[in-house]
There are 2 protein chains.
Amino acid sequence: MAKSKRKPKKASVSANRVAELAGVSRSAVSRTFTDGASVSAETRAKVLAAAERLGYHVNHLARGLIHHRSGIICLIVAEMQTPYQAAFVDMATRRLQAIGKVVMVLNATGQPANVEAALRQTLNYRADATVVVSGSPPASLIETCIENGQRVILINRDDAAAGPHVVMVDNDTAAREAMLMLRRAGCVRLAVISSTAGTPSIIARERAFAAAAQEQGLEVQIVRAGPTGYAAGADGARQVLALSSRPEGVFCTTDLLALGFMDAARQEFCLRVPEDLCVIGFDDIPEAGWLGYNLTTFRQPIEEIVSQIAQILETEDEEDTGPRCLPVQVVWRRTVRP
Amino acid sequence: MAKSKRKPKKASVSANRVAELAGVSRSAVSRTFTDGASVSAETRAKVLAAAERLGYHVNHLARGLIHHRSGIICLIVAEMQTPYQAAFVDMATRRLQAIGKVVMVLNATGQPANVEAALRQTLNYRADATVVVSGSPPASLIETCIENGQRVILINRDDAAAGPHVVMVDNDTAAREAMLMLRRAGCVRLAVISSTAGTPSIIARERAFAAAAQEQGLEVQIVRAGPTGYAAGADGARQVLALSSRPEGVFCTTDLLALGFMDAARQEFCLRVPEDLCVIGFDDIPEAGWLGYNLTTFRQPIEEIVSQIAQILETEDEEDTGPRCLPVQVVWRRTVRP
DNA sequence: CCATCAATTGCACAGCCTTGCAACAAAACT
DNA sequence: AGTTTTGTTGCAAGGCTGTGCAATTGATGG
């Protein structure tokens with residue numbers, strides 16, 4: 001009588017009905033739809049015909065019940081409307097579908113509690129694996145996942161020590177390279193435009209850039225004007241360019257920050273890029289290549305990251321191969337003087 | 001023996017084990033996790049304690065098996081990396097999670113066959129409903145969905161006649177309004193920059209704009225330079241602005257097209273917007289509000305669309321309320337002279 | 001003290017599928 | 001022809017949960 005009570009509509013057609021119509025046993029139907037099972041061509045044909053006529057589709061819920069694996073991969077993600085995350089989800093769904101998986105997207109935007117709720121769903125649906133792109137899941141829940149035979153794959157977040165698989169990108173090398181690029185362009189006063197999000201990736205980029213600069217005896221100003229995004233980049237520009245000695249070279253920890261920064265620099269401070277100011281981003285989102293920006297940046301190897309995920313999924317053994325670190329590639333465009 | 005054979009890892013903990021540990025029947029466990037079931041506070045507490053200790057999570061696969069509804073909503077989408085689609089998926093996952101559903105994303109980018117495969121998965125997992133955002137599913141499969149008691153919700157595609165629910169946006173009124181806005185800004189030579197995608201929405205916008213212009217006795221040039229996106233917008237500009245009598249007012253059927261168009265117009269033809277050229281877009285993606293663009297456009301009411309979806313899902317009766325058409329709102333910025 | 005009632009609990013079945021096992025038929029071989 | 005091999009097929013059990021029904025319990029009222 002509760003509000004959640006729904007009438008079961010029309011029961012969907014089951015293997016029983018197909019078997020009946022085809023004049024074979026239910027097992028035969030099952031085997032027809034199971035790879036590698038032993039069925040004669042004749043019965044197979046009969047079954048397929050009957051299935052087609054009735055609109056039968058194997059119930060993956062029941063199948064998952066038996067196999068202890070549902071074929072579902074959970075993707076825990078937040079801020080999905082940002083270009084980088086969107087591109088990632090796009091690529092991931094495509095690749096994982098190609099290897100016969102299906103992706104359940106759990107949006108963990110907002111409170112950290114949402115990550116926990118998302119991870120719970122993962123367990124409820126007996127997902128084959130969980131890919132965490134955003135947010136930091138509580139260690140206890142990760143443990144539960146693993147104890148239940150589930151795999152957890154962390155992308156660009158090395159905080160959780162052992163257990164889950166980790167795929168990350170070589171933020172350090174990239175950030176150091178960025179510093180050298182600005183240095184070679186003749187920039188002396190440097191700044192990092194970053195965000196208050198404080199994700200492992202962003203922190204790593206800030207730190208590595210600052211460390212590299214310090215080794216050269218250069219001072220770096222770090223500005224975090226808000227949550228990662230265009231607006232924070234623009235605000236960062238307003239903070240940093242109003243100073244008497246404005247920076248000549250800027251490393252933005254995200255492309256979106258870089259684009260906001262450049263727009264504010266040009267519109268509100270009448271600065272030219274790269275003549276007055278060199279800018280480097282990170283991610284290589286599509287917008288970075290637009291005519292108005294031509295942002296020099298580092299390409300996140302999304303395809304490779306997803307390939308690593310696919311590879312982990314297809315590997316039998318639970319060997320902890322340690323974190324996999326992928327190189328990033330610099331994309332030269334026109335916001336840094338050569 | 002097939003390659004797909006996997007060892008079932010560790011069997012996850014079932015209600016049986018919890019019942020055992022708590023010293024109650026398995027039914028008690030089940031009822032503890034069922035809303036509105038009759039359990040004493042005492043046993044409930046015992047069960048919860050045992051469940052916590054064992055890391056038990058209700059198996060939604062088995063639950064779905066009984067209820068004939070899995071709690072899964074399938075979202076069939078393509079080109080997910082584009083800002084509009086990404087924003088839609090973001091909003092949809094958030095809202096649907098809030099009403100206790102979980103979203104399975106099926107990427108139908110590429111061949112039309114992919115849509116069919118996606119719709120099959122929908123049936124395999126006994127989804128409560130399927131939301132089609134991209135692609136045109138074959139009518140026969142939609143029929144199968146409905147026969148199996150599943151709901152199909154089409155967004156911005158009115159092609160399928162009866163049966164599924166349809167939520168769409170008032171493209172016609174918006175496009176006519178766009179025409180009037182350009183007219184009032186004093187533009188006489190008009191153009192529509194569109195794409196070769198040929199989705200119902202885009203076609204509707206083209207047609208309505210052209211019809212409105214014709215009523216005023218104005219000629220309109222329609223250019224489709226490629227698949228919907230930034231590049232096609234820039235190419236459209238190259239085609240249309242190279243002519244001797246270039247248009248003064250341009251309606252782009254998508255913001256992404258508009259941004260590409262504007263960039264090419266400014267960079268490659270040294271035209272000023274809106275002094276030399278007025279531009280109107282459609283969607284109101286975040287990029288449209290960036291400082292360098294300030295694009296006047298029409299806001300797609302994403303929240304309202306998703307609200308409609310939620311409302312359909314929460315309605316008991318399968319009454320076909322006919323297509324729901326939502327108004328779009330004009331967002332005045334600075335690419336059209338007032 | 002007994003009857004009545006409500007609340008709780010356990011049993012057993014249903015829901016849909018996969019698969020080991022055994023039975024079976026046909027084909028291949030000696 | 002008899003025997004072994006190979007390939008099919010059906011039976012039945014198992015996986016996990018929700019729920020109708022009946023039974024039990026405790027409380028309430030006369």
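First the proteins, then the strands, lettered A, B, ... as listed; each starts at 1. Computation of the quantities below employed the complete heavy-atom set of this structure, encompassing side-chain atoms and omitting hydrogens, waters and symmetry-equivalent molecules.
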Next item on the list: Report yes if a side-chain nitrogen or oxygen of B/Ser38 is closer than 4.0 Å to either non-bridging phosphate oxygen (OP1 or OP2) of C/dA7; otherwise report no.
Entry: no
Item checked: Qualifying side-chain hydrogen bond (donor to acceptor under 3.5 Å, both in side chains) pairs with a residue from residues 38-51 of chain B, counting only residues at least two apart or across chains -> B/Ser40-B/Thr43
Item checked: 5' precedence on DNA chain D between A/Glu42 and A/Ala62 (nearest-nucleotide basis) -> A/Glu42
Next item on the list: Choose from D/dC16, D/dT8, D/dT17 the nucleotide whose nearest atom is closest to any side-chain atom of A/His68.
Entry: D/dC16
Next item on the list: Determine yes or no for a side-chain-to-main-chain donor-acceptor pair under 3.5 angstrom, with A/Gln308 supplying the side chain and A/Arg324 the backbone.
Entry: no
Item checked: Student check: side-chain heavy atoms of B/Arg95 and B/Gln97 closer than 4.5 Å -> no
Check: Within this structure, what is the CG-to-C1' distance between A/Asn59 and C/dC16, rounded to whole angstrom?
Finding: 6 Å
Notebook entry, point to check: Mapping A/Arg63 and B/Arg44 to their closest nucleotides on DNA chain C, which lands nearer the 5' end?
Noted result: B/Arg44
Item checked: Close approaches to DNA chain D from residues 24-32 of chain B, in residue order (heavy atom, under 4.0 Å) -> B/Arg26, B/Ser27, B/Ser30, B/Arg31
Notebook entry, point to check: Given C/dT9, is OP1 or OP2 found less than 4.0 Å from the side-chain N or O atoms of B/Thr43?
Noted result: yes
Note to self: Could you work out, with salt bridge (charged side-chain N to carboxylate O under 4.0 Å, His left out) as the rule, every residue matching B/Asp90, not counting sequence neighbours?
What the structure shows: B/Arg94
Margin query: By nearest heavy atom, map B/Thr34 and B/Leu65 onto DNA chain D; which one lands nearer the 5' end?
Written below: B/Leu65
Checklist line | Short N-O contact, A/Asp128 and A/Arg151, less than 4.0 angstrom | finding: no
Checklist line | A/Tyr125 side chain near D/dC16 phosphate (N/O to OP1/OP2, under 4.0 Å) | finding: no
Note to self: Whether the side chain of A/Asn107 engages the backbone of A/Ala78 through a donor-acceptor N/O pair (distance < 3.5 Å, no angle test) should be reported.
What the structure shows: no
